[in-house]
Amino acid sequence: MTSAISATIRTRLRPPTSGNLITILNIDGGGIRGIIPGVILEYLESEIQALDGEDARLADYFDVISGTSTGGLITTMITAPDKNNRPLYAAEDIAPFYRDNGPKIFPQVGGPFAGFIKLLKTLVGPRYNGKYLKTLVQGILGTTKLSQTLTNVVIPTFDIKNMQPVIFSSFQSLVAIGEVTRQVMKLDPNFPKITPLDYTRLLLISIGTGTQKQTPKYDAKMAAKWGVLGWLVNQGSSPLIEAFTQASADLVVMHDNIISEALNSVNNYLRIQDDDLTGDLASVDVATKENLDALVNVGRGLLGGPVSRVNTDTGVVEPVPDGGTNAEALKRFAKRLSDERKLRESNYSNGGV
């Protein structure tokens, strides 16, 4: 049976109209912390391979893969085609990619004046020039086009020239669910006709890159004394940037939680995130060997941690009663993804869409 399934893996995933679900994978941004979702995705892909064979890849099972910033890089890695029209990277290659290239993307400054040098670079220009990353990506992708991705991708960015969001998407048209909804509303023939509230057809796995443990850091009395510089740089970080990035991420997670609860689709939504990172682990650019190894361990620790969800009344992340561990949940989702692919192949072979 496995060999028969493996033979179909090289066929692009049939459209959702051939099955029961619309499958979505979302990956957060977070610089070097991209190692964390790399570890999570390696486990998910290994569980799928246990069911369908070692040739199986994540792009074979998701209708849409979405990623922001470092999540966009991971999205590209697992959906861009190689010369055999298979993903350039398996999920197990993500963490090694970050460990090998992270120190060159984020070259570290050492010595007793390291902190001052970093601050100076931040104030007068970019801390990193991006040349290595640009050369690396161009060398890997070559002339590959967005339309060649092995499944649909959504990569949000921002156009500072026109001060508006730009979404790189392989759809012919801010997040994955929004793009899927738009295709449904546009009557895309590849997507089933679902009512606006029928979110039970959506299966979403959202992987975070971790956030800093929230401890009292600023207060209104303190902030009232800040000028522009105080909002930009304070206590070794930027309150303005922290507020912007944290708030935007929290709003997306809160939205997904509210939708899944209100529309009775909580079993179709899995969010994996570590909200208690401290020190170098919470940084987006500390690419020392010690920190890279520690980030791998964070990912492994998350697999053994409980399935958790934001309490939409309090905003506090809480374990889901009887939810089991994240590894157990990923195993369940792997089975559902496998079953959905098999259903689509069966319906397609029998004359379906």
Side-chain angles (χ1 to χ4, degrees), residues 13 16 19-30 33-52 56-68 70-72 74-75 77-79 87 90-92 94 150-156 175-181 199-210 249 252-257 259-261 263 265-275 299-300 302-310 317 320 323-341:
L13 180 64
N20 292 330
L21 300 169
I22 299 174
T23 56
I24 304 167
L25 171 64
N26 180 70
I27 310 163
D28 287 6
R33 299 198 311 264
I35 284 184
I36 296 174
V39 173
I40 304 298
L41 294 175
E42 178 182 355
Y43 181 84
L44 174 60
E45 191 167 86
S46 70
E47 288 298 319
I48 294 175
Q49 290 171 342
L51 296 168
D52 294 347
R57 296 289 183 268
L58 293 173
D60 301 321
Y61 293 83
F62 287 98
D63 295 301
V64 182
I65 299 180
S66 172
T68 303
T70 201
I74 294 174
T75 296
M77 291 172 66
I78 62 179
T79 62
E92 67 179 1
I94 298 172
L150 299 174
T151 190
N152 298 302
V153 300
V154 178
I155 303 176
V175 293
I177 285 183
E179 279 297 293
V180 168
T181 303
Y199 275 74
T200 58
R201 298 290 299 275
L202 301 181
L203 185 150
L204 170 63
I205 298 177
S206 178
I207 313 295
T209 57
V252 171
V253 173
M254 183 71 76
H255 169 268
D256 290 342
N257 274 270
I259 290 296
S260 64
E261 290 177 6
L263 303 179
S265 59
V266 291
N267 292 329
N268 284 13
Y269 173 58
L270 176 63
R271 170 69 174 173
I272 300 180
Q273 170 76 313
D274 189 324
D275 294 304
R300 292 171 179 168
L302 275 173
L303 290 172
V307 173
S308 301
R309 190 168 292 127
V310 173
V317 177
V320 175
T325 66
N326 287 316
E328 291 168 339
L330 287 169
K331 188 170 185 177
R332 293 193 297 269
F333 272 71
K335 180 66 165 59
R336 295 184 67 184
L337 290 167
S338 175
D339 288 345
E340 174 69 13
R341 182 179 176 91

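Keep in mind it's a predicted model, so treat the numbers as computed, not measured.
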Tell me, do Asp60 and Leu13 make a side-chain contact under 4.5 Å, heavy atoms counted?
-> no
d(Thr209 OG1, Ile40 CD1) to nearest 0.5 Å is 11.5 Å
CD1 of Ile272 to CG of Leu302, rounded to nearest 0.5 Å, is 7.0 Å
Legend entry - Exam field: side chain Thr75 to backbone Gly71, donor-acceptor pair closer than 3.5 Å: yes
Residues at least two apart in sequence or cross-chain that pass side chain to side chain donor-acceptor pair (under 3.5 Å) with Asn20, listed by chain then number, are none
Q. Is the side chain of Arg309 donor-acceptor paired with the backbone N or O of Val320 at a distance under 3.5 Å, no angle test?
A. no
Between the OG atom in Ser308 and the CG atom in Asp274, the distance rounded to the nearest 0.5 Å is 10.0 Å
| message | Can you confirm whether Leu41 sits close enough to Ile207 that some side-chain heavy atom of one is under 4.5 Å from a side-chain heavy atom of the other? | response | yes
Open item on the list: Tell me whether Ser66 contacts the main-chain N or O of Val154 through its side chain, where contact means a donor paired with an acceptor under 3.5 Å.
Closed with: yes
Legend entry - Note, Leu25 side chain near Tyr61 side chain (heavy atom, < 4.5 Å): no
Residues passing the side chain to side chain donor-acceptor pair (under 3.5 Å) test with Thr23, sequence neighbours excluded, are Asp63
Rounded to the nearest 0.5 angstrom, the CG-CZ distance for Asn26 and Arg271 is 7.0 Å
Within a strict 4.5 Å, meaning less than it, do heavy atoms of the Asn268 and Arg336 side chains meet?
-> yes
Across all chains, not counting sequence neighbours, the side chain to side chain donor-acceptor pair (under 3.5 Å) partners of Arg332 are none
- Query: Do Ile94 and Glu42 have side-chain heavy atoms sitting under 4.5 Å apart?
  - Reply: no
Hits for side chain to side chain donor-acceptor pair (under 3.5 Å) against Thr79, two or more places apart or cross-chain, chain-then-number order -> none
The side chain to side chain contact (heavy atoms under 4.5 Å, CB included) partners of Ala90 (sequence neighbours excluded) come to Glu45, Arg57, Glu92, Asp93
For Glu340, the salt bridge (Lys or Arg N to Asp or Glu O under 4.0 Å) test, sequence neighbours excluded, returns Arg344
Here the gap from Asp52 atom CG to Asp339 atom CG, rounded to the nearest 0.5 Å, amounts to 8.5 Å
Those residues at least two apart in sequence (or on a different chain) that pass side chain to side chain contact (heavy atoms under 4.5 Å, CB included) with Tyr43 are Ser46, Glu47, Leu303, Ala327, Leu330
The side-chain contact (heavy atoms from CB on, under 4.5 Å) partner of Pro87 among Leu58, Thr151, Leu150 is Leu150
Separation between CD1 (Ile24) and OH (Tyr269), nearest 0.5 Å, reads 11.5 Å
